[in-house]
K.L.:
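Here it is, the structure in full.
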Protein chains: 2
Amino acid sequence: MPHEHVETHFMATNVVRDVVIGMADGLTVPFALAAGLSGAVQNTHLIVVGGLAEIAAGSIAMGLGGYLAARGDAEHYEQERAREYREIKEIPEEEMAEVGRVFQSYGMTQAESTPVVEALSRRPDAWVDFMMRFELGLERPDPARALWSALTIGGAYAVGGFIPLLPYMLIKQALTALAVSAAMTVVALAAFGYVKGRFTGMRPMRSALQTVLIGGIAAGAAFLIARAIS
Amino acid sequence: MPHEHVETHFMATNVVRDVVIGMADGLTVPFALAAGLSGAVQNTHLIVVGGLAEIAAGSIAMGLGGYLAARGDAEHYEQERAREYREIKEIPEEEMAEVGRVFQSYGMTQAESTPVVEALSRRPDAWVDFMMRFELGLERPDPARALWSALTIGGAYAVGGFIPLLPYMLIKQALTALAVSAAMTVVALAAFGYVKGRFTGMRPMRSALQTVLIGGIAAGAAFLIARAIS
């Protein structure tokens with residue numbers, strides 16, 4: 001099985017990617033904000049208010065941002081596709097020369113690439129598909145995915161954000177809540193990083209270490225800044 | 001000039017993309033968090049503390065996340081590249097058949113694709129480049145870019161975040177500061193969306209409207225949640 005890895009790579013579906021995008025920031029930023037506020041206030045009530053406001057803001061900003069980006073990609077693809085159809089109809093010789101140049105960039109002579117160029121020129125749909133991928137480097141996006149992508153990213157951010165915030169909801173004293181939150185979040189970040197590593201083909205332990213490090217550095221910086229100015 | 005648009009697309013360099021990634025969230029999330037806290041506290045001092053903690057957390061999380069993602073992409077690319085070199089050496093017939101299948105997926109017969117397949121098989125470097133792009137769909141990342149990408153994303157987040165926070169630093173009364181912050185941020189979001197639209201080939205006015213809408217919805221939700229629970 002020469003392409004075992006590619007199969008693994010394909011398993012990292014778009015849904016997994018969206019969960020990873022949302023949860024990576026959801027676990028990190030609300031945790032770091034709550035840690036930062038713990039350096040400034042004694043009572044956890046205001047930390048919970050700030051944390052929930054941040055979760056709402058972050059999940060909406062990331063979800064809506066993902067939605068509009070996916071919609072934009074789909075529209076961009078369709079525009080480029082329409083343009084390629086127009087061009088192979090209006091200036092077919094130039095477009096055939098462009099296909100030839102794609103192959104020349106891989107060191108082929110004109111004689112070697114001519115059969116493929118001519119075969120493509122007889123099949124407009126395949127020709128356009130070829131130009132989209134090989135000349136423009138664009139993959140066809142699924143326009144129906146935009147909404148699900150937005151909900152998945154936003155939902156994963158919110159789920160991730162509740163984990164570090166939960167201790168502040170149950171414990172009144174900020175620094176005690178911070179200690180429990182840090183312990184819970186380190187475990188969650190490590191588990192998330194490990195699973196992410198398995199899905200993306202990275203060494204899981206290394207991936208776990210990286211996500212914990214990012215969360216720790218972000219939270220440490222937020223805590224020190226908040227303590228310094230409050 | 002048939003591919004005028006492609007030129008425009010190339011102008012949206014990686015630096016611009018990184019600035020867009022960082023600033024989109026940097027303008028939105030700290031603004032929404034500060035708006036949310038304005039719904040819960042009267043004095044702006046704590047909003048500034050929370051806002052600065054969020055900017056530190058967000059810019060570090062996004063910057064480090066971008067750094068590790070770029071490094072991971074570069075390593076993934078090199079691993080796949082080494083694997084392709086191994087495969088064209090060890091199982092060249094299978095790899096030639098794979099190139100043939102790429103062309104068959106564009107409706108070509110074996111006879112039509114054979115000259116290209118054979119030409120590639122005589123040039124290992126070009127062959128591997130071809131497989132990387134056309135079989136695996138991978139573009140060569142620039143490994144030196146990871147650090148700059150991280151600094152650009154994190155820096156853009158911080159710059160974006162300071163705009164909505166500035167009024168809270170100068171005005172003591174939270175709701176007054178919120179009004180000034182909202183006015184400044186709407187202008188900044190619209191300008192950012194407009195410029196972003198010009199760089200990404202989207203209609204600038206529509207892009208401006210979208211970024212303002214995302215910021216407004218995120219801030220509105222954060223404000224209502226904070227006010228409801230405080």
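By convention in this document, chain letters (A, B, ...) are assigned in the order of the sequence lines, proteins followed by strands, and residues within each chain are numbered from 1.
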K.L.:
Measure distances from A:A61 to the heavy atoms of chain B and classify the residue's part below 4.5 Å as side chain, backbone, both or neither.
P.N.:
both

K.L.:
Does CE belonging to B:M205 count more than 12 external heavy atoms closer than 6.0 Å?
P.N.:
no

K.L.:
Does any backbone or side-chain atom of A:I225 lie under 4.5 Å from a heavy atom of chain B? Answer side chain, backbone, both or neither.
P.N.:
side chain

K.L.:
Find the one option among B:E90, B:M108, B:R122 whose heavy-atom pairs under 4.5 Å with chain A are most numerous.
P.N.:
B:M108

K.L.:
Mind listing the closest non-hydrogen atom pair of B:A53 and A:A222 along with its distance?
P.N.:
O-CB, 3.5 Å

K.L.:
Could you tell me which non-hydrogen atom of A:A221 sits nearest to which non-hydrogen atom of B:I60, and how far apart they are?
P.N.:
CB-CD1, 3.3 Å

K.L.:
Residues in side chain to side chain donor-acceptor pair (under 3.5 Å) with A:R81, at least two apart?
P.N.:
A:D129

K.L.:
Under 4.5 Å, counting heavy-atom pairs only, tell me which of B:I55, B:V48, B:L46, B:V41 racks up the most with chain A.
P.N.:
B:L46

K.L.:
Could you give the distance from CG (B:L52) to CG (A:L33), rounded to the nearest 0.5 Å?
P.N.:
11.0 Å

K.L.:
Chain A heavy atoms under 4.5 Å from B:A24: which part of the residue, side chain, backbone, both or neither?
P.N.:
neither

K.L.:
Would you mind checking which part of B:V128 comes under 4.5 Å of any heavy atom in chain A, side chain (CB onward), backbone (N, CA, C, O), both or neither?
P.N.:
neither

K.L.:
Please look at B:A226 and chain A and tell me whether the side chain, the backbone, both or neither of the residue comes under 4.5 angstrom of a heavy atom of that chain.
P.N.:
both

K.L.:
Which bit of A:A119 is near chain B, if near means a heavy-atom gap under 4.5 Å: side chain, backbone, both or neither?
P.N.:
both

K.L.:
Where on A:R227 is there a heavy atom nearer than 4.5 Å to chain B: the side chain, the backbone, both, or neither?
P.N.:
neither

K.L.:
With side chain to side chain donor-acceptor pair (under 3.5 Å) as the rule and sequence neighbours excluded, what pairs involving residues 45-69 of chain A come up?
P.N.:
A:E54-A:Y157, A:Y67-A:R71

K.L.:
If every non-hydrogen atom of A:S113 is compared with every non-hydrogen atom of B:V116, which pair is closest and at what distance?
P.N.:
CA-CG2, 4.0 Å

K.L.:
Is the shortest side-chain N to carboxylate O distance from B:R206 to A:E75 below 4.0 Å?
P.N.:
yes

K.L.:
Do you know which of A:A57, A:G63, A:A56 has the most heavy-atom pairs with chain B at a distance under 4.5 angstrom?
P.N.:
A:A57

K.L.:
For B:R86, is it the side chain, the backbone, both or neither that has a heavy atom under 4.5 Å from a heavy atom of chain A?
P.N.:
neither

K.L.:
Kindly give the heavy-atom pair with the smallest separation between B:M62 and A:D25, and that separation in Å.
P.N.:
CG-OD2, 4.1 Å

K.L.:
Spell out, as yes or no, whether a donor-acceptor pair under 3.5 Å connects the side chain of B:R123 to the backbone of A:G107.
P.N.:
yes

K.L.:
Under 6.0 Å from the CD atom of B:Q42, do we count more than 12 heavy atoms belonging to anything else shown?
P.N.:
no

K.L.:
Go through A:I217, A:L224, A:T28 and name the one with the most non-hydrogen pairs under 4.5 angstrom from chain B.
P.N.:
A:I217

K.L.:
Taking the inter-plane angle between the rings of A:F130 and B:F103 on a 0 to 90° scale, is it parallel (under 30°), tilted (30 to 60°) or perpendicular (over 60°)?
P.N.:
parallel

K.L.:
How about A:Q110: does its CD atom have over 12 heavy atoms from other parts shown lying under 6.0 Å from it?
P.N.:
no

K.L.:
Does any heavy atom of chain B fall under 4.5 Å from the side chain of A:R133, the backbone, both, or neither of them?
P.N.:
both

K.L.:
Would one find more than 12 heavy atoms of other residues, nucleotides or ligands at under 6.0 Å from atom CZ of A:F162?
P.N.:
no

K.L.:
From B:T211 OG1 over to A:L64 CG, what is the distance, rounded to the nearest 0.5 angstrom?
P.N.:
11.5 Å

K.L.:
What are the two closest non-hydrogen atoms of B:G50 and A:L37, and how far apart are they?
P.N.:
CA-CD2, 3.6 Å

